[in-house]
Amino acid sequence: MARRLDPALQQRVDAFLDAKGLRRTKQREVIIHAALTTTEHFTADELWEMARKIDRTTSRATLYRTLSLLVESKLLREIDLGRDQTVYDPNFNESPNHNHLICLDCQRIVEFEDTHISLLEDCITRRLGFQPASKSIRIEANCQELKKTGTCKARKGHA
Ligand SMILES: [Zn+2]
Ligand SMILES: [Zn+2]
């Protein structure tokens, strides 16, 4: 396996598996590792391909079950990028308040953080009598290629 899981993240995974009384099977570990060591956003199908490269016996049933466990444990976030498919984002562990720019054509994703936006979101939320829990905004945009040429060659790229 390429990258090791960050020790703090590994602890959260272990604690979660323990709390759920789940065994550490090879398959489950491969899926968790693949999901949490990438910095790209991915679909279930893309994770399936990543996991199959490490362990060919990985089953789809285990993949879907593990994915929903990771979302439940907040180690992985399901995000709405305006696509038909569900996209998973492992980057909220490191940057819990990041935002997304997404190209309307090629759906290229660019992440960004901004303390001013974050403060503003807090202010608005409190002003309306709520308590901020998690925040992320999505900006639909034209990427440089779309802006320049009016169309993107790659339909689906992950920046
Ligand atoms: Zn993201
Ligand atoms: Zn584009």
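One-based numbering, in listed order, for ligands and for the atoms of each. Along the sequence shown, residues carry numbers from 1.
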Distance-only polar pair, side chains of H41 and E46, donor-acceptor under 3.5 Å: no
S95 side chain vs N91 backbone, donor-acceptor pair below 3.5 Å: yes
The Zn ion (ligand 1): angle it makes with NE2 (H98) and NE2 (H100), nearest 10 degrees: 100°
Atom of E111 closest to the Zn ion (ligand 1), considering N, O or S atoms: OE2
Ring-ring centroid check H98 F92, cutoff 6.0 Å: yes
Metal-centred angle, the Zn ion (ligand 1) as apex - OD2 of D89, NE2 of H41, 10° resolution: 90°
D55 and R28 ion-paired at < 4.0 Å: no
C152 SG and C143 SG subtending at the Zn ion (ligand 2) (10° steps): 100°
